[in-house]
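The structure appears right after this line, and notes come after that.
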Amino acid sequence: MNVLLLGGGGREHAMAWKMSESSLLRDLHIAPGNGGMQKLGIMADVEAMDFAAVERYVRRHKIDLIVVGSEAPLVAGIADYFDASEKTQVAVVGPRKKGAMLEGSKEFAKAFMKRHNIPTASFASFGQDQLAEAVAALDSFKTPYVIKADGLAGGKGVIITESKKEAKDALKSMLEGEAFKDAGKRVVIEEFLQGQEVSMFVITDGKSYHMLPSAKDYKRIGEGDTGLNTGGMGAISPVPYLSEEFKQKALNQIIIPTIKGLAKDEIPYHGFVFFGLMKVGSDPYVIEYNCRMGDPESEVVLPRIKSDLLHLFENLCSGLLSEYDLEIDERAAATVVMASGGYPGKYETNFEIKGTEADPKWDGMIFHAGTKISRRKLYSNGGRVLAITGRGGTVEDALKRSYEQAAKIQFQDAYYRKDIGADVLDLA
Ligand code: AMP
Ligand code: GLY
């Protein structure tokens, strides 16, 4: 099978690494890829949002399968484009536009959950000409106020504040299109949920599904979960505080109703669903849906899948998902993200990276996110630079392996959190 993987972050490196182990793989093409993926495939200079260019590439290289890493091409309709194209027979891992709306519009996701009785924070939504109504509605919510831009905002479209003034300002700047442009022209105000966050994942063809290992992501830049939100500074899997009882509740109250809801609403879906959940007391609530895998969650979830990923994708696309037997590796995994100093604010790149040659006996993988190779040397090329994944019998062992390796890697102003997983180990 010839595969085109779209993306160039740690998540896509983890996917490329996993697919490269597959007996079904002929050529792996990656657009744009990064410095760490060069060993695994052919780097393609194609812009994922330029569907016609992707189509030309697909035809030229006889691609059988497109794997879409991030949400933007899905929300823009890449799967619809190729489903409609009679000239190519290519299959796409990732939902069509309608299904991707679960991530592409918070209001759509909220209405979907309401319609299908899926537990989520109570909410109200408003459009551009409703600023006064939105401000008035703040009174019906307890603090802190949670205000969300409706559309895609790269994980930055959420304001949580105790201050009514800040809440009003956020509503105003979103609805006036200053913050988040079109993504903020509709807003959702929602109830604040107090609890512990956890990410659960399924792969589904809209009828059957497989649960993937769950994970916890560390979103804040600073230790002790302080400072600005980032794309994610580390992750662990499994999540020690997730009991079997909680997983069953999540399955029965959220995951199954979501898949049934998609079918009921006649929304076809072939791909991953990422459930961002809050555990409130012992009950699960949906904070958000994503129509793709997480990053850095993929860097701990995919190493815990024993099965051949391409075989899984083949079954997904040919209607045989229910017959597939997904095998999970019992080892735990942890990843620590090494970032450029200053991220998620301003940062510099182009620093040489040293120390990425791991001991072959080390049980882990160094996934690249923002790296590039120039004259056979490796350089930083983004905010999040590397994700160092360790494996082990327990999350604690896995973390120890990640940190051992991270300590050996150097580049100027490298930053990583030293407390990934510490909170859950304290709880255990
Ligand atoms: P989202 O983009 O919807 O995932 O929100 C980003 C982050 O904001 C989440 O990961 C949570 O930490 C937080 N958050 C979002 N919605 C809520 C809520 N209703 N209650 C508490 N925290 C929330
Ligand atoms: N790590 C959070 C995300 O991928 O959305």
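In each ligand, atom 1 is the first atom listed, and ligand 1 is the first ligand listed. Computed from heavy atoms alone, side chains included, the values below leave out hydrogens, waters and symmetry copies.
- Ranking protein heavy atoms by distance to atom 2 (C) of ligand 2, first place goes to D217 OD2, 3.4 Å.
- For G294, the closest heavy-atom approach to ligand 2 falls below 4.0 Å.
- The presence of a protein heavy atom under 4.0 Å from atom 18 (C) of ligand 1 is confirmed.
- Using a 4.0 Å cut-off between heavy atoms, M278 contacts ligand 1 through its side chain alone, with no backbone atom that close.
- Among protein heavy atoms, the minimum distance from atom 10 (O) of ligand 1 is reached at E197 OE1, 2.8 Å.
- Inclusion of A121 in the set of residues having an N or O under 3.5 Å from an N or O of ligand 1 is not warranted.
- In terms of protein heavy-atom proximity, atom 16 (N) of ligand 1 is closest to K148 NZ, 2.9 Å.
- For L193, heavy-atom contacts with ligand 1 shorter than 4.0 Å involve the backbone as well as the side chain.
- Looking at D205 and K207, no side-chain N of the basic residue comes within less than 4.0 Å of a carboxylate O on the acidic one, giving no salt bridge.
- Screening R304, K216, E297 for a side chain to side chain donor-acceptor pair (under 3.5 Å) with S237, the sole residue that qualifies is R304.
- The side chain of E297, and not its backbone, has at least one atom closer than 4.0 Å to an atom of ligand 2 (non-hydrogen atoms only; side chain from C-beta on).
- In terms of protein heavy-atom proximity, atom 4 (O) of ligand 1 is closest to E288 CD, 2.8 Å.
- Within the cation-pi definition used here (under 6.0 Å to the ring centroid, within 45° of the axis), K418 qualifies as a partner of Y416.
- Under the side chain to side chain donor-acceptor pair (under 3.5 Å) rule, R331 has a single partner from T394, D363, D397, which is D363.
- Closest protein heavy atom to atom 5 (O) of ligand 1: V158 CG2, 3.3 Å.
- For the salt bridge (Lys or Arg N to Asp or Glu O under 4.0 Å) condition, the pairs that include at least one residue of residues 256-276, sequence neighbours left out, are R115-D265.
- When only non-hydrogen protein atoms are considered, atom 14 (N) of ligand 1 lies nearest to I160 CD1, 3.7 Å.
- With respect to atom 5 (O) of ligand 2, the closest heavy atom belonging to the protein is R292 NH2, 2.9 Å.
- Considering both main-chain and side-chain atoms, M293 never comes within under 3.5 Å of ligand 2 through any nitrogen or oxygen pair.
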